[in-house]
Structures are given as C-alpha cells and as structure tokens.
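Take a look at the structure below.
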2 protein chains.
Amino acid sequence: MRWTQALDAAFQPQVVAIIGASAEAVPGKQRFGSGNSFLGNYRELGFSGRLYAINPRAQGPVAGVPAFRSIGEVPEPVDLAVAAVPAPVLPGVLEECAAARVKAVHIYTAGFEETGFEEGRLLAARCREIIRRTGLCVIGPNGMGPYCPKGHIGPFDRLPSEPGPVAFISQSGGNLNWFSHHAAEMGVRFSKAVSFGNGWVLHGDDFLEYLAEDQDTRIICMYLEGIRDGRRLLELARRIVVHKPILLVKGGLTASGARAVASHTASLGGEAQVWDAFYKQTGVVRADSLEELADLAMTFLYVQPPRGLRAVLMGIGGGNSVLAADALAREGITLPALAPETTAELATFVPLAGSMVRNPLDIGAVFRGDLTLLDRTLGLVGRDPNVDIILAAPHLDLNRSSPEETDRLVARLSDYARAAPHGKPLALTFHSFSNDPEEMAARQRLMVQLPQRGVAAFRDLARAGRALARLHQYHRFLDGAAPERASA
Amino acid sequence: MRWTQALDAAFQPQVVAIIGASAEAVPGKQRFGSGNSFLGNYRELGFSGRLYAINPRAQGPVAGVPAFRSIGEVPEPVDLAVAAVPAPVLPGVLEECAAARVKAVHIYTAGFEETGFEEGRLLAARCREIIRRTGLCVIGPNGMGPYCPKGHIGPFDRLPSEPGPVAFISQSGGNLNWFSHHAAEMGVRFSKAVSFGNGWVLHGDDFLEYLAEDQDTRIICMYLEGIRDGRRLLELARRIVVHKPILLVKGGLTASGARAVASHTASLGGEAQVWDAFYKQTGVVRADSLEELADLAMTFLYVQPPRGLRAVLMGIGGGNSVLAADALAREGITLPALAPETTAELATFVPLAGSMVRNPLDIGAVFRGDLTLLDRTLGLVGRDPNVDIILAAPHLDLNRSSPEETDRLVARLSDYARAAPHGKPLALTFHSFSNDPEEMAARQRLMVQLPQRGVAAFRDLARAGRALARLHQYHRFLDGAAPERASA
C-alpha cells in the first residue's frame, strides 16, 4: 500500500520530534497529553532513538532533549513528528513538516470539525488543503497516535512494554488507553496500535490494510466511529478476515451514540442495520463494548474453537446455575442433558443429596481434596458426545478452600484447558458468595495470571458464553458452512 | 394470613432447636450447612434466645449448647426447628416436631424430588403426607431457611448483622447467600430473607403475602424458580406492588434454565412469554440476574424517580462516551441535545479543544480543582428542560487526581444527589483507564461507601441506565399512565 513505509517509520521510528514540548512545563504538573508527556511516555517505554523538542521559544534543551525552534533545524531526517500545538498554529507547523520531509506526522492537536463551531471547520479546511498539496502522511488530528511496544513508543504512561500479536485500530484515544491496559490484564499484548481521531488522511481502512501485511500481527481489533469509504472497508475486511480475525466495535449505532460520534470525531455513526449486514457479509466479529472486545481478543488467542455450542457447566450452586443457564442460553450456548452413560457413571461416585448430576453439574466435592473426582468428571464430560464446551466455574471462598487448594485446582484446570485431551475448549470463571476485599483481590490476581499461562478466564459466564459463541461463529464462517442450527 | 404467627416465630425465634447438630463435628472442619454450622452462624449474628441441639447419640452438650436425643425432650416450646438430618430419617423427625408442637420447621435436608431418582420421590411423598396430616409449618426442604438480622438468625457466616428495609424471598440458598453479601455492599440491608428450596408448604406467594404486611419491609426482592399457584401469585403481586415495589428474578426462562430448575428444586421453569405478560400486568419489576436485582434494590432505595428517560452524561472521554451513549440507548435512556441556552452558556467557560460541550459532556476540567465549574455545570444541566437524569461518570485515575481531590469531588456529587436541588436524580459511575490494583481497591471502597451515604453508585453506565429505566417504568405504572413514548 501507499503508506507502508511511512507507517513503518511511524510505528518504529528512529528519530522523533515533539512539536510543542515546552521548557516551562513543570514535571508532574504537565497537562495530560501535552508535548512533554509524549517525551516522558516514549522514554518510559524504552525509546532509544533520537528525540528532539520543537518550540519557537526554546533556548536550550527541553526535558533533557535537544530543542530547536522549528522542525527544519533538526539535523537529521525525522521519522515521526508529534504535533502538540494550539490549533491555530497547526497550518504553519504542517508546512514546516512538509518542507522538512518528515515521514509521518501525528497530530495530537484537537479543536477542528469535532467542535461543531465554524472556527474549527475553517481551520480544518486550511490544514487539509496543505496536507493534500504536500502529500504528508498524517495520523490524526484529535487522536493519540501510535503505540508500538516493539518500537518503544506510546502516548500514555504505564503502557505494557512487552509486545504481542494483537493490533488495535482505535479512532478514540481514550479507548486506546483503556483497552491497552484492560486487555493486557487478560493476556492480550500488542504488536501495533493507533488512535487516529478525525482521520484526515489515514483512516480505519488504511490501518487495516497496513496491519493485514504486518508480520507481527495475528489478530486485528478495531474501534471505529465513522467510515470514510464503506465499500473499500468491506472489500478489505472480506479479504483479510480469512487470514486474520478482525474484531470490531462500531460506535454510534444508536441515535444517542451517533450524536456523540459527531461531537467526538466529527464522523457519521451509520445505520445499525447496515452494520448487521456488514458483520454477516464479511465474517468480521462483532463486539458491542471494549470489555467484549477484550474478552474476544483473549478468546481468539487462547481458546480452541468449539465444534458446537453445547456446553457442560461444572461447579456453581443451584440457583446460580439456573441463572447461569438462562444467561448462557441468551448468548446461544445450550446446556443439554448429558448422555445417559455419563449421568449413570457420575451417579456412581457423587453423593446424591445437595448435588446435581444433570447439567449444570453442581458437585462441590469435585473441586476439593486430591482432585481425583475432578479428573474422573473431566474424563466423562470430555468423552460425552452431547458436550462441545466445558465451562468450569468453581467457587473460591476463602473460608472453604485454602490458597494451596485453590492453586492446585486452578493448575489442574489450566492443564486440561491447554492440553484439551478431548479436543474441547475449557473456559474458566470464578465465583464467590462474599465480596470480601481480600477474596476479590485474590480472584483478580488469578484472572490476570491465567491468561498469561495461556488459559482464558472470564469475568462471568454470560461473557464467556458470548465470546465462545463468536469464536465458533467465526470458524463456521471460515468453513463456509451454514450457520449452526439452534439446538433445543 | 394463615402462617403469620408461625413465620413471626420462624424469623424472630426465642427458642431454636437444631436437629442434626453433632458432638463429633470438628470445629473448622464441619461440613458447610451442617447442623453445627447453623449453631455457629446464629451465634455470630448475636442470637440471644435459647439454642438446643438434637442428636439421638447426644451425651452431654453439643458445641456449647444443651443437647437432647429428641425434640420432644426440649423443656420448653420450640419456635423454630432446623432439620439438618439425612433424608431417610426426615419422616421420623417431622412426626416428632408435630408431636412437640414446634411452631415452624426449616428443613435444610435435601435429596428428594430434585434428585430425579425414584428413591427421592418416594421419600418426599412420605414426608408430605406427614406434613399434610399434622399441619406443620415447613420452610424447605432443600433450602437454607430464614435470615433475619433483627431476629439474629441466618444460615451463612459473615452475614450483615445490621437490619434494613429490604426483604428477599429466594428459592435458592446459594442466591440468598450471594445476594445478602453483594447487595449489602451496595447499601442494601435486610428486614427478612428466606431460602425455601422445594417449597413443600410455604412457597413464594406465601412469603410475598406475609412480607406485604411486615412493618420492617419496604421493598420485596424475589428469586423464583417455580410457581405453585400462578393465579394467586398474580393477584397478590397486583395488590401489593402499589404499596411496596416487588423486584423479581425468574429463573428457568430458557430451555437450559428450565432443565436446571428441575434438577435444582424440582420446579417447572415456565414460558418466557407468560412471564413477559406477568411483569406487564402486575407492575412487578423485572431483573434477569442477581447483579441486576442488587442494582434495582439500591436504585429503589436511594434514587429519586426520574420524570423521563432523557439523560445528560458528564465526564467520560470521547470514545468511551460514544459507547456509553450506545449502551444507554439500548437500555432506553437517550442522551438528547442540550437546550441551546445550556450549550451557549457552557461554551463561555469551557475550553473548546478536546472538550465536548454537547451531550455527552466531556469536560475534564469540571471534575478538577475547586469544583466551581462543576457547580456551574450542574446548575445548567439541572435547569435544562431537555434533561431528566444526570449521569456523572468521572475518571478516577490515581496519576491524575489525589485522594483528597477525589474525596472532595465525590462529596460534592453526593451532596447534589441527596439534595436533588432541581428534582432530578444523579447516578454515579467511576472510570479508570488503568486496571491498577490499588486504583481498583480505591474505586471498590467508594462504591461501598456511597450507598451507605444514600447515593447510588453503579458498576457501569449500562447497569445504571437499566436500573433507572426500570425505576421510571415502575412509577409510570403506579401513575396508571401510558408507557413513555420512545424518544428519538
């Protein structure tokens, strides 16, 4: 594609100029997202190329890096310029970037079409004319720009520095920030991510095309508000989705959301029905929130595709099981009766009273002690022809199991999930009757540790069910098969 | 009603006999829910009446209370007997309870119809015959029985001991356990709660009738799996709902859920359409999960009914705002354009760039500093004729605000919520880009503190929106008005 080289330079730059970094900025007091914060955040991610600060009032180094009054004075070719300047001076800055042959410009500056005011629209028109005339490669404006752990750059503090196989194309900076942190806690690490804001030059479709060819990217996540060229996006998605899953949150599908989109990135939200058709035609996987997107990224990374949507639910208590069964059914996951031979065999080693040997299976003893019963039960449901998915939902109440017991249990379930000896995915959720802060913290630690060991752990069963159903749907799409008949 | 006196005795007993408490039980090793655990849990809740242990092998006190070989030997009338015995001996125990004129029997014992085995069904038939013949007041079997902070009894450890105005009728013991803890964290405290399991004698409708007259109960929450007499439940609900809100989770509305219901409490799940009609005809408020039920209880306790479903959303960032607007719209809450005079006035004190002065309002500065801007903004949206509800969703990132700043902000929002100077409800959610454990703990503390101060704090905006929409719907039902027309 046209922008490959420029984007390579933007994501893994050797020379970066921050336009708008200021000597007067007081450390710790700098405004979020100011030029200086980019300096600090790039350093935090271990950026080891050359950094320059550009400020017309510069009189010596800024925040420890060499400073110049204009980008034209930088003594070497600039890969990435970050424009963090007041909107009215942006036209001049863009002219200078073009003259200096900067490979890519990330415009952090906001205050254009998205304000809804005439002043912003006129300024935008002037800038876009300059960009058209000079052919500048621009990310933004009103976006947070590139994040690339391998390139050691990113626009926020505390971003994960370890790279991974997931890309994220986000129109919104806040959503890039949220997702980078929260998905990372679910074992999702990033190849390349970007917030492109109003998308004057590079839009969602361009980044999609670029990442399709990126060797470091196996899964592409997207958050889009507007679409510049629907036909192109559809064709690209169709072509790419068979090689790399594309997981998409489309914002602005409701009237309220569309109004918010206009105010945020001056985009058009679009019709819900059009997007229903888009998902169906392309095989792009739908998510309706960032939480769901994170669930999906974890699932596509760590869960093996189920052959169907019939699950066995092991572990949570009676009334909880009922509500879980209802919640799962709403996501398309059924809990069928187990095969008669499974139930009969279970009844030989399960005490009747207070247990449920049908599906859901509520057998407290299975998750305790030396776990022999767990192994036997997993063997039985693993071989049961009525079961495609194993959902394990143990209770983790401090007063009922010791930390050692919990670790042993979780290790055993993780081993099964990774080995999948019966070719069936196992997904985990954890339950607790109490809301004890210590227990919550312990559960949270487990939730973070498990994906790091390659095991999917979900916040609740409905979310697990939804993600598994989407994973199944994607693989059915790839098979070119008819959609699974809804089973009773 | 027929059972009033018996239930008064069951919820606030002076004399309790635990049938099945055992001298051999090793402290700390006792099986969850064994007779001994009831002894321990009643004591933990400060029970100061007389406790007796009944065990045919008793030879002296059990766990520090006087023990007898049969309930007939207890030297005073028993208000509540808890039967925690093996299923096969239950018939004899029931005969003895009847002979001793025990006022109410809670049968904890399980292993009857719900097992699906002939043996359990036959045993159940024998017990039911005894109960019919003797007229015993029975709660259960296969249930966890009564929880009443004022009566100082409850079947689980660590139950909140402080009483409150919310009742909970739960067929399931696990759901009673979960809800008592989790709803308590959201400022919900209990008058009386009960888990009645298979409901041989007293069923959901009976407890509903009883609690309708209970002076300590203002709101009635229910979790039902089966219905014994649909007509009676409908008529009771219709009559009661105009005095006390009834919030109901009906389990088993899907095929999978109904199967789980049969296996759990041997009930019939029922048709989803029938329940849709039930909610519509009675004004009973629908919840689909216990989390939702807790949200609703908090909302009905602390949020003043909105006059409509048009909200202003203040605080969360661009892309997040878009997804929040979509999520709210799915719950029936719209984010309309603010009145022109509001927007014009906002623009006089809000910096244009990076802010959104339409709705959602994304004005970072409003939640910082001395909060003058917050007061001005609340004044403006409070008076805006397009706004019925104020949703405040500040970001609480540690690196952006100090604990003192956060406290000041939360105090100011709480004052507004409680005073409601413009007659509009304010609901809170908290957001954070990072998932830092320290930040999560801080947020969790706030979430717990706020309802205790009478302010509703929600886990996320979709849940807030759903609860507010249900609150509005309930009050529209009371008004007898036509359902609100969906606004664009």
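Numbers restart at 1 for each chain; the letters A, B, ... are given by sequence-line order, proteins then strands.
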(request) Compare every heavy atom of A:S256 with every heavy atom of B:T334, then report the nearest pair and how far apart it is. (result) CA-OG, 3.5 Å
(message) Counting C-beta onward and ignoring hydrogens, is there a side-chain heavy-atom pair between A:L323 and B:N175 closer than 4.5 Å?
(response) yes
(message) For A:D460, which atoms come within 4.5 Å of any heavy atom of chain B: side chain, backbone, both, or neither?
(response) neither
(message) Minimum heavy-atom separation for B:A347 and A:F117, please, with both atom names.
(response) CB-CZ, 4.3 Å
(message) Please report the interatomic distance OH(A:Y223) to CG(B:N320), rounded to the nearest 0.5 Å.
(response) 8.0 Å
(request) Decide yes or no on side-chain contact (heavy atoms from CB on, under 4.5 Å) for A:D288 and B:R330, but give the supporting numbers first. (result) CA-CA 11 Å; A:D288 281 325; B:R330 289 184 190 111; 3.7 Å; yes
(message) Would you say that more than 12 heavy atoms from the other residues, nucleotides or ligands in this model lie under 6.0 Å from the CZ of B:R459, or not?
(response) no
(message) Donor-acceptor pair, distance only, cut-off 3.5 Å: does the side chain of A:D326 make one with the backbone of B:L253?
(response) yes
(request) Can you tell which part of A:V448 gets under 4.5 Å to a heavy atom of chain B, answering side chain, backbone, both or neither? (result) neither
(message) Under 4.5 Å from any heavy atom of chain B, what part of A:L290 do you find: side chain, backbone, both or neither?
(response) both
(message) At a heavy-atom distance under 4.5 Å, which candidate from A:E185, A:R445, A:H182, A:Q444 has the highest pair count against chain B?
(response) A:H182
